[in-house]
Amino acid sequence: APLLNVRGVETYYGNIRALSGVDVEVHRGEIVSLIGANGAGKSTLMMTICGSPQARTGSVVFEGQDITRMPTHEIARLRISQSPEGRRIFPRMTVLENLQMGASLDNLKHFKEDVEKVFALFPRLKERQVQRGGTLSGGEQQMLSIGRALMARPKLLLLDEPSLGLAPLIVKGIFDAIKKLNKQEGLTVFLVEQNAFGALKLSDRAYVLVNGRVTMSGSGKELLANP
Ligand code: ADP
Ligand code: ADP
């Protein structure tokens, strides 16, 4: 069974339908992306997956359990890494303190080990570990935001436009790190992106979202070949 199974989801803002009959599956060990232009409904789908109380029909099942019946702290384990406006870092705390905040209580015993993993993945963060989050560059803040999410040892890493506003070379570094984690640790990832080229190269499978509907799906390679 899929780790995440989204079936027939329609989400509304008042009378406006933002998502129509969306089916998305993420299996353990996969990197899956959802590609869409501005306004396609990517954020709405992310919020729906995270259990936002927005009016909807259809089902969102995580590990066999409907997310509307899951306690908030369980949903919080599906961590999201935010776009530049809402990167989930504490600007006045140091890099290390930010990572500490990301570790859930039951994971504190793994703290040292997990911090070393994040530092191995993003050496820039190690160099800047005593600097305040707010003084980091945009790319470093995105790395910190992903590092924080990883500290909670999520079963599924959700990434909301991780490339937004970042230079291509920085994006490549971040995508390479995600790929490495996936290969080495089997981390399952679901991301939404406008940056189709980068996301398709990274992904095992992808969906294309247009005006709230999935219009295409396939392997990253297939979709790269048929734009
Ligand atoms: P994306 O993340 O792909 O840019 P969104 O999920 O933000 O797209 O938006 C999908 C659609 O829903 C758009 O047409 C947008 O205008 C509409 N929408 C988003 N948020 C709201 C809201 N709070 N109220 C009304 N309409 C909204
Ligand atoms: P102060 O209250 O002096 O601004 P704090 O150390 O209490 O400093 O807060 C640090 C900063 O982290 C604040 O600017 C606050 O807005 C921000 N902050 C608090 N919660 C979050 C969060 N969940 N994600 C990102 N930033 C946050």
Side-chain angles (χ1 to χ4, degrees), residues 2 4-26 30-62 66-68 70 72 75-76 78-89 138-139 141-142 145-146 148-149 154 156-168 170-171 174-175 178 188-218 220 222-224 226-227:
L4 175 71
N5 198 354
V6 175
R7 280 285 163 262
V9 161
E10 310 211 338
T11 304
Y12 295 85
Y13 295 103
N15 290 326
I16 301 165
R17 188 164 62 187
L19 295 175
S20 306
V22 169
D23 295 335
V24 165
E25 285 182 10
V26 181
E30 277 189 317
I31 301 181
V32 176
S33 62
L34 181 111
I35 316 290
N38 236 333
K42 301 183 298 300
S43 301
T44 303
L45 181 62
M46 271 300 191
M47 289 190 292
T48 302
I49 290 172
C50 291
S52 133
Q54 207 68 50
R56 68 162 169 93
T57 59
S59 66
V60 180
V61 173
F62 183 76
D66 195 304
I67 54 137
T68 49
M70 272 168 69
T72 332
I75 296 171
L78 316 165
R79 287 306 160 97
I80 200 162
S81 168
Q82 288 285 5
S83 46
E85 310 81 58
R87 284 199 183 104
R88 294 214 176 151
I89 64 160
Q141 288 190 24
Q142 186 61 283
S145 145
I146 294 171
R148 256 197 72 180
L156 171 63
L157 179 68
L158 295 171
L159 301 172
D160 192 351
E161 301 209 39
S163 79
L164 197 65
L166 302 179
I170 306 283
V171 172
I174 289 174
F175 281 8
I178 292 167
T188 311
V189 182
F190 178 69
L191 69 153
V192 303
E193 265 295 344
Q194 293 196 43
N195 170 4
F197 184 69
L200 290 177
K201 272 185 32 182
L202 172 70
S203 301
D204 299 305
R205 287 189 311 107
Y207 297 87
V208 177
L209 191 71
V210 178
N211 290 328
R213 287 180 190 277
V214 173
T215 58
M216 272 193 282
S217 64
E222 275 164 17
L223 291 177
L224 264 180
N226 303 293

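Read the numbers this way: they start at 1 and go in the same order the structure lists the ligands and their atoms. Position 1 is the first residue of the sequence; numbering continues from there.
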I want to know if ligand 1 touches Ile16 in the polar sense, i.e. an N/O pair below 3.5 angstrom. no
Taking atom 6 (O) of ligand 1 as the reference point, report whether a protein heavy atom occurs under 4.0 Å from it. yes
Whether Glu25 and Arg7 form a salt bridge (side-chain N of Lys/Arg under 4.0 Å from carboxylate O of Asp/Glu) is what I want to check. yes
Heavy atom of protein closer than 4.0 angstrom to atom 15 (C) of ligand 1: no
Report the C-alpha distance between Val22 and Leu209 in whole Å, list the side-chain angles of each, state the deciding distance to 0.1 Å, and finish with yes or no for side chain to side chain contact (heavy atoms under 4.5 Å, CB included). CA-CA 9 Å; Val22 169; Leu209 191 71; 4.2 Å; yes
For Lys42, atoms of ligand 1 separated by under 4.0 Å from a heavy atom: 1 (P), 2 (O), 3 (O), 4 (O), 6 (O), 8 (O)
List the closest protein heavy-atom neighbour of atom 20 (N) of ligand 1: residue, atom name, distance to the nearest 0.1 Å. Tyr13 CZ, 3.3 Å
Per-atom contacts, ligand 1 versus Thr44 - under 4.0 Å to a heavy atom: 5 (P), 6 (O), 9 (O), 10 (C)
Side-chain heavy atoms of Val208 within contact of Val210, under 4.5 Å: yes
What is the closest protein heavy atom to atom 4 (O) of ligand 1, and at what distance does it sit? Gly39 N, 2.7 Å
Assess Ala37 for proximity to ligand 1: is some non-hydrogen atom of it under 4.0 Å away? yes
for atom 8 (O) of ligand 1, nearest protein heavy atom and its distance come out as Gly41 N, 3.1 Å
Per-atom contacts, ligand 1 versus Ser43 - under 4.0 Å to a heavy atom: 1 (P), 2 (O), 6 (O), 7 (O)
Less than 3.5 Å apart, which donor and acceptor atoms pair up between the side chains of residues 31-45 and the rest of the protein, not counting sequence neighbours?
from, atom 1, to, atom 2, distance (Å)
Ser33, OG, Ser203, OG, 2.9
Lys42, NZ, Gly36, O, 3.0
Lys42, NZ, Ala37, O, 2.8
Thr44, OG1, Tyr13, OH, 2.8

Using non-hydrogen atoms of the residue, decide whether Gly36 is closer than 4.0 angstrom to ligand 1. no
Beyond-backbone contact of Val6 with Asp23, side-chain heavy atoms, under 4.5 angstrom: no
Salt bridge check, Glu10 against Arg17: does any charged N sit closer than 4.0 Å to a carboxylate O? yes
Counting each atom of ligand 1 from 1 as listed, which ones have a heavy atom of Asn38 under 4.0 Å away? 4 (O)
Any donor-acceptor pair under 3.5 Å from Glu161 side chain to Ser163 backbone: no
Please check this pair: side chain of Arg205 against backbone of Tyr207, looking for a donor-acceptor N/O pair closer than 3.5 Å. no
